[in-house]
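Order of the sequence lines fixes the chain letters, A, B, ..., with proteins taken first and strands second; residue numbering starts at 1 for each chain.
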Number of protein chains: 2
Amino acid sequence: MRMRATVPITVADIKSACSQCNLLELCLPFGMSETEINRLDELVGARRKVKRSQHLYRSGEGFEAIYAIRTGSFKTDVLLEDGREQVTGFQMTGEILGLDGISTEQHSCNAVALEDSEVCVIAYDKLEELSREIEGLQHQFHKVMSKEIVRDHGVMMLLGSMRAEERLAAFLLNLSQRFTARGFSPAEFHLRMTRDEIGSYLGLKLETVSRAFSKFQEGGLISVQQKHIRIIDLDGLRKLVHHPASPR
Amino acid sequence: MRMRATVPITVADIKSACSQCNLLELCLPFGMSETEINRLDELVGARRKVKRSQHLYRSGEGFEAIYAIRTGSFKTDVLLEDGREQVTGFQMTGEILGLDGISTEQHSCNAVALEDSEVCVIAYDKLEELSREIEGLQHQFHKVMSKEIVRDHGVMMLLGSMRAEERLAAFLLNLSQRFTARGFSPAEFHLRMTRDEIGSYLGLKLETVSRAFSKFQEGGLISVQQKHIRIIDLDGLRKLVHHPASPR
DNA sequence: AGCAAGCGTTGATCCATGTCAACCTCCTGG
DNA sequence: CCAGGAGGTTGACATGGATCAACGCTTGCT
């Protein structure tokens, strides 16, 4: 529970309690016993509020904690010297941020809030300590890291082997599935990121993203109104990913 | 130390000993004390030989162990239903394979030997058990996973934001650096993978890879003879990555 | 040792996506 | 509540890399 002077953020003095949290089954405590989860409460320090477009952490900063998203959403990105940005992921509630920092004890990417958000701060040294005692925590933490690796491989597949429309379809399906897991509609949601950010994530220019959205709409697959998306033909989108018009 | 009947592999009955291994500082034991490393020897089961082009594991197979490469090299890839392949990485001695399997207890990619190779088999349940006792092991294991995440983000950057020649230059620099870390020449090495595999990894077609090699050679940056690469102008390659001719 | 198949190179052409530009829309902050 | 700027759409055109094709070279298998 350490204040950082460089960034204008608020550390609410409210103890987060995993045992009280409704994100349990999406978050770090997943699969742990009730007794184990109660012990987690000693692990999670304070919550921290991050306003839209503010950084939770920056590339190069010292690594001390990982973060569980309680409300809101984030993007992570990597910057090249010449200013090019690669968005490496979009994270929503229950997902864990900051795992990249473990390897060098410095963060290697930036995490930026896409809307006013709140995270639980999990001191990393305490996490290691506690996961030596609680088998379930250790195992779940490993799963979270491994899942991130698997996700990354999926993104490589997107970027390396799929065409523009396949990438966007896969992206929408992924969002839909994650919204569903959080109890929201699988078919209707608001995008929290811009076309430019989607483009960066998918290795496309924003114009290409915009055109693909329009084409999906013309084809009756979705309806788009700015950031509001309604999926009309989920199977149609799935077919786009699995049997693209002309594979690359 | 469990035999797998499905794949024709050899499990040598030689106990691997981390304490005797010269790959220490590249592998899981990095940063651990001598006492700690001695305890590791109980963790590493048998070694396993994998012949060129054979699978170490396949996507969908149950996950039981991770593997440390003792000799040789591997590629990992993900397959789409329609047969498209995305190579997600090339691994060399001391690097760890199989981390993707933790999240679902099934492997999510294929690992194929690029040459006759040998790996140390590390039973995963034992690893968790031992890393609850040995702080150094726990920490190093986390670092290995985190490093993989950081590496993946670098690949996303490649695939999402860089042009063909930048990608290949970055790839060569990365190989050079990893060969150096293993005591080989930074400037001269043999590629163990085909143009097609490089292309898949970099999101390019094999012809594009071949043309880029030729262009680097014409430009006096490298000399290529099939799989034999000699880097002539390391800085020239670096400039290609950091200040591409015309950024995307 | 010999030869076929896989791997690599190079050229010509095409097309998916990038680039540039104009314009529209809708929040968002004062 | 209004104004201005950021975000989004669409069109016209350019181009990097894909595709198709032909051929040469190893290399690894018998």
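- Computed from coordinates, the Arg195(B) CZ to dT19(D) C1' distance equals 19 Å when rounded to whole Å.
- The side chain of Thr208(B) lies closest to dG17(D) when the candidates are dG8(D), dG18(C), dG17(D).
- Atom CG of Leu191(A) is separated from atom P of dG8(D) by 9 Å (rounded to the nearest Å).
- If you check every strand for non-hydrogen atoms under 4.0 Å, Glu207(B) touches a base.
- For the pair Glu218(A) CD and dT9(D) C1', the interatomic distance rounds to 12 Å; values are reported in whole Å.
- In this structure, Ser214(B) reaches the dT10(C) phosphate: one of its side-chain N or O atoms is under 4.0 Å from OP1 or OP2.
- Salt-bridge check for Arg52(B) with Asp116(B): failed, with every basic side-chain N at 4.0 Å or more from each acidic carboxylate O.
- Considering only the side chain of Thr194(A), dG7(D) comes nearest among dC7(C), dT10(C), dG7(D).
- Note on Arg192(A) versus Glu197(A): no salt bridge recorded, every NZ/NE/NH1/NH2 to OD/OE distance being 4.0 Å or above.
- Heavy-atom minimum distance, Leu159(B) versus Gly203(B): CD2-N, 3.5 Å.
- In summary, the side chains of His228(B) and Glu188(B) do present a donor paired with an acceptor at a separation below 3.5 Å, with no hydrogens or angles considered.
- One axis for each end of the helix from dA1(C)-dT30(D) to dG30(C)-dC1(D), each built from five base pairs, and the angle between them comes to 70° at 10° resolution.
- By the 4.5 Å heavy-atom criterion applied to side chains, Asp100(B) and Tyr57(B) are counted as neighbours.
- Across the protein-nucleic acid pair, Lys227(B) atom NZ and dC25(D) atom P stand 17 Å apart, rounded to whole Å.
- Between Phe90(B) and Tyr201(B), the distance separating the two ring centers is shorter than 6.0 angstrom.
- Taking atom CG on Leu206(A) and atom P on dT10(D), their separation rounds to 13 Å, with Å as the unit.
- Rounded to a whole Å, the CZ atom of Arg84(B) is 14 Å from the P atom of dA18(D).
- Heavy-atom nearest nucleotides on DNA chain C were determined for Glu165(A) and for Gln226(A), and the one closer to the 5' end corresponds to Glu165(A).
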Residues Leu56(A), Arg48(A); criterion side-chain contact (heavy atoms from CB on, under 4.5 Å); working and verdict: CA-CA 9 Å; Leu56(A) 173 60; Arg48(A) 179 169 145 190; 3.8 Å; yes

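- Residue Arg211(B) places no side-chain atom within donor-acceptor reach of the base of dG16(D), judged by atom type and a 3.5 Å distance cut-off alone.
- Taking atom CD of Gln225(B) as the reference point, atom C1' of dT9(C) lies 14 Å away to the nearest angstrom.
- Following rounding to the nearest Å, Met193(B) (CE) and dC7(C) (P) show an atom-to-atom distance of 14 Å.
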